[in-house]
Asker: 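One structure, pasted below without further comment.
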There are 2 protein chains.
Amino acid sequence: MGSVDEMIRLFRQRGLRITPQRRAIFALLADDASHPTAEEVYQRVRQSLPDISRMTVYNTLRELVSFGELLEVETDLDRAGRYDPNTSHHHHLLCLRCHALVDVETLPDDLDIPLPDARGYRIVRSQVTYYGYCPACQQAED
Amino acid sequence: MGSVDEMIRLFRQRGLRITPQRRAIFALLADDASHPTAEEVYQRVRQSLPDISRMTVYNTLRELVSFGELLEVETDLDRAGRYDPNTSHHHHLLCLRCHALVDVETLPDDLDIPLPDARGYRIVRSQVTYYGYCPACQQAED
DNA sequence: ATGGATGCAAAGGGTTTGCAGACGA
DNA sequence: TCGTCTGCAAACCCTTTGCATCCAT
C-alpha cells in the first residue's frame, strides 16, 4: 500500500469517509514490515486511540485487502491471518522458532521458477516461502 | 505417510491402539492426493463408518501430524487446514478459482532456490506455491 | 442532515479440551 | 482387567454479522 495521503485519496475517491481510526490504521500499516495480525494492529493502534474497537480494525483491514492495497498472508505455523502492505511481487522468509516473517525481493529471473509438470494448469504467479531460523533464534538455540 | 500396515505398526510401536476408526482414516489418507480438510476426511470416512465423530478424525489427524506422517498445509485462499500424506519435499499448485491443490515434484536442483538476501536467517528448506487455473476452471471461465 | 462508520454484542466456522462410557490390548 | 479411545458437549480462537449510535461530509 502507499502513503497515508494516498490511502486517504483512495478512500475519498470511493465515497468512503476518513475517520481518526482509519487514519491511525493507515499510518501504522504504511510504515510496517512486520506482517502484523489483526490483533496486533488492534493492540498497536490502541496506544494512540485507546477506545478503538477490534471491529473497526477488522473492517478497515478487509477494505484495504479488497482494494488490493494489502495482502493477507497465511502461514503453516499460525492460525491468524497476517497483513502485508508490500503488494509487489516478493517472497517470504519465515522463522520456524519465533514465526517472524520477513519479505525478500525476487530475483529478476525467478518470476518463472521451473515447473516440471504443470498438469494443464495455467500458472499466474509463484510464491516462495523460505523456512529457517532468524539470527536471534539461532543464538537462543544454544 | 506410508501404507495402512505401516501406520498400524507405527501406532502399535508407540503403545497406541488400532481401532476401526483409525484404520479407516489411515486407509483413506494413504490413497489420497486431494489434500482434504478435516471436515472432508470426516465426511468421507463416514461413508464406511457412519457413527464416527469429528473428534476422532481431529485426534487421529493431529497424531499423524505429530509423528511427521502427515503435513498440515495452509493456503491464502481457505481458512481450514488441509492435510497432505506426501511428506517428501515437493511444491504445490493451487487453483485460484476452485482451490484445488495439487502436488508437483521438485527439480533435482531446486532445493536451493536462489535467495538474494537471507538477512542472516539460516534457511532449512523452501517451498513454492504456484497459483493458477486448473484445466476445468480454464474451460469454465468462458 | 444524512448516510456511512463505529463499537457493542452475538453468531459463525474451525479446532481443542474435559470427561463418562466403551473397547482394544 | 486396564488404560486408552471414542464421541458428546462445551470451550476456544479468529473473524464476520446485526444493529443502535455517532459523526464526517
Side-chain angles (χ1 to χ4, degrees), chain A residues 4-5 7-26 28 35-46 48-67 70-83 99, chain B residues 4-5 7-26 28 35-46 48-67 70-83 99:
Chain A
V4 174
D5 286 347
M7 292 304 101
I8 289 176
R9 235 175 284 133
L10 175 70
F11 270 56
R12 286 231 166 92
Q13 242 173 39
R14 308 210 173 210
L16 301 177
R17 295 175 179 171
I18 302 307
T19 62
Q21 292 88 338
R22 282 179 173 166
R23 207 180 280 268
I25 294 169
F26 295 163
L28 203 138
H35 305 82
T37 62
E39 179 68 20
E40 286 165 349
V41 172
Y42 170 65
Q43 294 300 342
R44 289 183 206 167
V45 80
R46 226 148 76 95
S48 51
L49 287 177
D51 292 337
I52 195 173
S53 96
R54 276 185 185 80
M55 297 312 100
T56 301
V57 173
Y58 275 109
N59 287 336
T60 304
L61 292 175
R62 185 152 25 80
E63 284 153 357
L64 286 166
V65 169
S66 77
F67 297 161
L70 204 55
L71 295 178
E72 195 168 358
V73 180
E74 306 280 337
T75 72
D76 295 336
L77 272 46
D78 290 297
R79 192 142 311 279
R82 306 172 67 157
Y83 294 89
H99 302 189
Chain B
V4 175
D5 286 348
M7 291 304 101
I8 290 176
R9 233 174 287 134
L10 175 70
F11 269 55
R12 287 231 165 91
Q13 242 173 38
R14 307 209 174 213
L16 301 176
R17 293 175 180 170
I18 302 308
T19 62
Q21 291 88 338
R22 283 179 173 167
R23 207 181 281 269
I25 293 169
F26 295 162
L28 204 138
H35 304 81
T37 61
E39 179 68 22
E40 285 165 349
V41 172
Y42 169 64
Q43 293 300 343
R44 288 184 207 165
V45 79
R46 228 149 74 95
S48 51
L49 288 177
D51 292 337
I52 195 174
S53 96
R54 276 185 184 81
M55 295 314 98
T56 301
V57 174
Y58 276 109
N59 288 336
T60 304
L61 292 175
R62 187 151 24 82
E63 284 153 356
L64 285 166
V65 169
S66 77
F67 297 161
L70 203 55
L71 295 179
E72 195 167 359
V73 180
E74 306 281 337
T75 72
D76 294 337
L77 272 47
D78 290 297
R79 192 141 310 278
R82 305 172 68 157
Y83 294 89
H99 302 188

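Lettering follows sequence order; numbering is per chain, from 1.
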Asker: For R54(B), give me all partners under salt bridge (charged side-chain N to carboxylate O under 4.0 Å, His left out), at least two apart in sequence or on another chain.
Answerer: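 Result, salt bridge (charged side-chain N to carboxylate O under 4.0 Å, His left out) vs R54(B): E39(B).
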
Asker: Return yes if some donor-acceptor pair links the side-chain N/O of D76(A) with the main-chain N/O of E74(B) below 3.5 Å, else return no.
Answerer: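 Yes, because the side chain of D76(A) sits within donor-acceptor range (under 3.5 Å) of the backbone of E74(B).
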
Asker: What bend angle does the helix from dA1(C)-dT25(D) to dA25(C)-dT1(D) show across its length, from five-pair end axes and to the nearest 10 degrees?
Answerer: 30°

Asker: Heavy atoms only: give me the nearest E72(B)-G81(B) pair and the separation to one decimal.
Answerer: OE2-CA, 4.4 Å

Asker: Just the rounded figure in Å: distance from P of dA5(C) to CD of Q21(A).
Answerer: 11 Å

Asker: Just verifying a value: how many Å separate R82(B) CZ and L71(B) CG, rounded to the nearest 0.5 Å?
Answerer: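 If I round to the nearest 0.5 Å, the distance is 13.5 Å.
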
Asker: Apply the side-chain contact (heavy atoms from CB on, under 4.5 Å) test between R62(B) and each candidate in V65(B), N59(B), T60(B); give the one that qualifies.
Answerer: N59(B)

Asker: Determine the minimum heavy-atom distance between V57(A) and V45(A), stating which atoms define it.
Answerer: CG2-CG1, 4.2 Å

Asker: Show the distances under 3.5 angstrom between N or O atoms of the protein and N or O atoms of nucleotides 9-16 of chain C.
Answerer:
unit_1, atom_1, unit_2, atom_2, d
dT15(C), OP1, G81(B), N, 3.0
dT15(C), OP2, Y58(B), OH, 2.8

Asker: Out of curiosity, R23(A) CZ to I8(A) CD1, how far, rounded to the nearest 0.5 Å?
Answerer: 4.0 Å

Asker: Please report the interatomic distance CD1(I18(B)) to CE(M7(B)), rounded to the nearest 0.5 Å.
Answerer: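 If we round to the nearest 0.5 Å, I18(B):CD1 and M7(B):CE are 10.0 Å apart.
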
Asker: Look up atom CG in L61(B) and atom OG1 in T37(B), then write down how far apart they are to the nearest 0.5 Å.
Answerer: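 Separation between the atoms: 9.5 Å.
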
Asker: List, with names and distances, any nitrogen or oxygen atoms from the protein found under 3.5 Å away from nitrogen or oxygen atoms belonging to nucleotides 22-25 of chain C.
Answerer:
unit_1, atom_1, unit_2, atom_2, d
dG24(C), O3', I18(B), O, 3.3
dG24(C), N2, R17(B), NH1, 3.4
dG24(C), N2, R17(B), NH2, 2.8
dA25(C), OP1, R12(B), NE, 3.3
dA25(C), OP1, R12(B), NH2, 3.1
dA25(C), OP1, I18(B), N, 3.0

Asker: Establish, for the pair R22(A) and F11(A), whether the NZ or CZ atom is under 6.0 angstrom from the six-membered ring centre and no further than 45 degrees off its axis.
Answerer: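 Pair R22(A)/F11(A) does not count as cation-pi.
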
Asker: Starting from the C-alpha separation in whole Å, work towards a yes-or-no answer on side-chain contact (heavy atoms from CB on, under 4.5 Å) for L10(A) and F26(A).
Answerer: CA-CA 12 Å; L10(A) 175 70; F26(A) 295 163; over 6 Å; no

Asker: Who passes salt bridge (charged side-chain N to carboxylate O under 4.0 Å, His left out) against E40(B), sequence neighbours left out?
Answerer: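 If we apply the salt bridge (charged side-chain N to carboxylate O under 4.0 Å, His left out) test to E40(B), skipping adjacent residues, there are no hits.
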
Asker: Tell me, please, the opening and closing nucleotides of DNA chain D, 5' to 3', among those with an atom under 4.0 angstrom from a non-hydrogen atom of chain A.
Answerer: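 From 5' to 3', the first and last contacting nucleotides are dC14(D) to dT25(D).
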
